[in-house]
Colleague: 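Dropping the structure in here first, questions after.
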Protein chains: 2
Amino acid sequence: MGVTIKDIAKETGFSVATVSRVLSNKVGFFSQDTAAVVNAAATKLGYKKNMAATELVTQKSSVIAVIVNSTKTNFSDPIIEGIQQKAAESDKRVIILYAGDHDATSQRRALSTALERPIAGVLLLSVDLFEENLQLLKTAQVPFRFISISFKDSALNYVASDDQQIGYLATKYLIKMGHRCIGLAGIDIESSAHTGKMRLAGYKRALAENNIPLQKNWIQTGNYSYEAGLLAMQNYSNQKCISAVITGSDLVGIGLLNQAAKLHLSIPDDLSLITIDGTYLCRIVQPQLTSVTQDFYHMGYLGAEYLISDQQQNAFTDVKISERESVKKLTL
Amino acid sequence: MGVTIKDIAKETGFSVATVSRVLSNKVGFFSQDTAAVVNAAATKLGYKKNMAATELVTQKSSVIAVIVNSTKTNFSDPIIEGIQQKAAESDKRVIILYAGDHDATSQRRALSTALERPIAGVLLLSVDLFEENLQLLKTAQVPFRFISISFKDSALNYVASDDQQIGYLATKYLIKMGHRCIGLAGIDIESSAHTGKMRLAGYKRALAENNIPLQKNWIQTGNYSYEAGLLAMQNYSNQKCISAVITGSDLVGIGLLNQAAKLHLSIPDDLSLITIDGTYLCRIVQPQLTSVTQDFYHMGYLGAEYLISDQQQNAFTDVKISERESVKKLTL
DNA sequence: CTGAAAGCGCTTACAG
DNA sequence: CTGAAAGCGCTTACAG
């Protein structure tokens, strides 16, 4: 339908080969005069290159497919920005595919959409791939890398935060602030959930190092959602000992915050809160939430960089404590 | 690199034509026996169709490109879900392109990425296209439609909320609740900003119908951001008359809410708030924000439907008042 | 510097 | 029901 190089060839009298050469700027293969004529014709006719054809013949593509969970969490945006930045620097394009919310069918659909055309690689943003879909990806002969999710077996490449360190840092910070009864809420520690288990391990390590015996019901598992936060706070409300809680995501933290208010508990006077993620949500609630902040932007940037340069090793991006208003220093 | 129909032809002894026919399920053009053999070989070899090639020859595509602003607003998710739903029903695929935040360059990059390959159409989610990029889109010979943004001139097709009605409904609701000094905050009413001007028009109409003379500083313009909300509240704080404010987005509403707290003003006791959008953010702040709620999911669904079926008319999706906790009934 | 030709992976009249 | 052949829009050795 659109105008093709054939049209330009006809218009200018040059062959399609020559037209192709100037349009794809194969320097040294055409004169400036020719270039001028061809380019003029191209803009005159409103030519737009059909990359699909180019990709077919060159057998390579400059598009990176990013698969994202349409999850309730909200940190994909800075990751994607980081990816876009790196992609722009490397002259790659990026397309984004939504993989639903832990739904095998829509996960497969997203993956197929990406894999059914030539692509430079795929980046998976905190998507927990079903086994069948992982196989699909592996057989595709396309480089891929996970972002914001890490794995036990290092067969799968990733760029993520060190979840053990996150759990450790959060706990140590709270201890430093004088807390000794510390909850951990809203994380998933089922067998396949590496993230939650690592955070738990870091939490336990910090506790152990400070000779604090872990009480069983300090841990309130959940799926990182707002509702999980609500529920966790409900469960903590009859444990008077607890003076601080680490929450698995900003939304969990906000859930605790709001449920606490309902219970007439004041944050941080009656209960301190430190949340994991540190997205903008921390700053739009009252009180603002202190957080272990992940460097999502850099995670995306680095993930794209590793994918593009075909590096094989994994990487952890930095995390840091962002002190805001939800943790109270206890003086004994 | 991957396995092609040629490989399957070789493997099975059939011609590529026959292989193609069974693989793309041209019923009636092959026997069940043949199909069985070919399909077996396909799965055995791990065949994956190269849609780029298919699109090249058939001159059509089943992918819809969705261009989104990587804006601070957060209503794209339900819109995209609606699009995905309709796309799945119609056997279309969807790819998403980020167009930056009102940045001409990254807008063009997103558009080019979409337009440089065969696509079924493009959907633009509240992206305010620069003139040059609009021209690019128009010359592409591809159907397109805007979502969540409407236009004065109906040359451009859209599915959106009726912004005039939004402004009108919000104002009327507040009046019904006994308010007569009503602010309007965080909207953009510059010359090119149709959305803001329509909301303002609705607001003015409701005021006029109730014989309320509009005071000039009731209107605090802004760019729909959290910061705009903060600033607007600051500006309202010396206008004791104002008893209620309509905010241009949920983030603006939250900005007002938090700035009010800083000023020791209690919502809704000292000031009522109704916000426009009604995303999940309204439910995770305290008090929960009453809103004029837009039907983003349906907006996406309908936008995709109109695009696919090539309808030319515009459409408004429903809006409704969701009563929560931020508006107080004034009894005179 | 330029053109004719082959080919990327697929589809589809046309002929059998 | 099946195959040979042309062609989608491009690129790139090869020859000049």
Colleague: Any donor-acceptor pair under 3.5 Å linking the side-chain atoms of B:Asn314 with those of B:Asn157?
Modeller: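 Result is yes, a qualifying pair exists.
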Colleague: Is the phosphate of C:dC1 approached by A:Lys26 (side-chain N or O, under 4.0 Å from OP1 or OP2)?
Modeller: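 No, outside the criterion.
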Colleague: Looking only at side-chain atoms of B:Ser15, point me to the closest of D:dG3, C:dC8, D:dC8.
Modeller: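 Ranking D:dG3, C:dC8, D:dC8 by closest atom to the B:Ser15 side chain puts D:dG3 first.
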Colleague: Between B:Thr34 and D:dT2, does any side-chain N or O lie under 4.0 Å from OP1 or OP2?
Modeller: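 For B:Thr34, the contact criterion (side-chain N or O under 4.0 Å from OP1 or OP2 of D:dT2) is met.
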Colleague: Is the phosphate of D:dG9, meaning OP1 or OP2, less than 4.0 Å from a side-chain N or O of B:Gln59?
Modeller: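 Result: yes.
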Colleague: Looking only at side-chain atoms of B:Lys49, point me to the closest of D:dT2, C:dT11, C:dC8.
Modeller: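 Nearest to the side-chain atoms of B:Lys49, counting from C-beta on, is C:dT11.
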Colleague: Using atom CD of B:Glu55 as one end and atom C1' of C:dG9 as the other, report the distance to the nearest whole Å.
Modeller: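 The distance from CD of B:Glu55 to C1' of C:dG9 comes to 12 Å, rounded to the nearest Å.
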Colleague: Write down the distance between CE (A:Met51) and C1' (D:dC8), rounded to a whole number of angstrom.
Modeller: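 Interatomic distance, CE of A:Met51 to C1' of D:dC8: 17 Å.
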Colleague: Measure from CD1 on B:Ile5 to C1' on C:dT12 and round the result to the nearest Å.
Modeller: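 To the nearest whole Å, that distance equals 12 Å.
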Colleague: Out of D:dC10, D:dC1, C:dC10, which has the shortest distance to the side chain of A:Val57?
Modeller: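 Of all the options, the side chain of A:Val57 is nearest to D:dC10.
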Colleague: Based on Watson-Crick and G-U pairs with both distances under 3.5 Å, what dot-bracket line describes DNA chain D 5' to 3', crossing pairs as [ ] and inter-strand pairs as |?
Modeller: |||.||||||||.|||
Colleague: Between A:Ser31 and C:dC1, is there a contact of a side-chain N or O with OP1 or OP2 at under 4.0 Å?
Modeller: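 A:Ser31 to C:dC1 OP1/OP2: no side-chain N or O under 4.0 Å.
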Colleague: Give a yes/no on whether any side-chain N or O of A:Lys6 is located under 4.0 angstrom from OP1 or OP2 of D:dC8.
Modeller: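 Yes, within the criterion.
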Colleague: Given atom CG of A:Asp7 and atom P of D:dG9, what is their separation to the nearest angstrom?
Modeller: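 Distance check: A:Asp7 CG to D:dG9 P gives 8 Å.
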Colleague: When you compare C:dT12 with C:dG16, how far apart are their C1' atoms, in angstrom units rounded to a whole number?
Modeller: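 The answer is 16 Å between these two C1' atoms.
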Colleague: Pick base, sugar-phosphate or nothing for A:Ser20, based on heavy-atom distances below 4.0 Å to the nucleic acid.
Modeller: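 Base contact - A:Ser20 has a heavy atom under 4.0 Å of at least one base atom.
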Colleague: Name the pairs: protein N/O against N/O of nucleotides 13-15 of chain D, kept only if under 3.5 Å.
Modeller:
from	atom 1	to	atom 2	distance (Å)
D:dA13	N6	A:Arg21	NH2	2.5

Colleague: Quick one: ring-ring contact (aromatic ring centres under 6.0 Å, His included) partners of B:Phe296, sequence neighbours excluded?
Modeller: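 Once residues adjacent in sequence are excluded, the partners of B:Phe296 under the ring-ring contact (aromatic ring centres under 6.0 Å, His included) criterion are B:Phe75.
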Colleague: Taking CD1 from A:Ile8 and P from D:dT11, how many angstroms apart are they, rounded to a whole number?
Modeller: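 About 11 Å, once rounded to whole Å.
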Colleague: Kindly point out which of C:dG3, C:dC10, D:dC10 is positioned nearest to the side chain of A:Phe14?
Modeller: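 Closest nucleotide to the A:Phe14 side chain: C:dG3.
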Colleague: Between A:Glu81 and A:Gln85, is there a side-chain donor-acceptor contact under 3.5 Å, judged purely by atom types and distance?
Modeller: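 Result is no, nothing qualifies.
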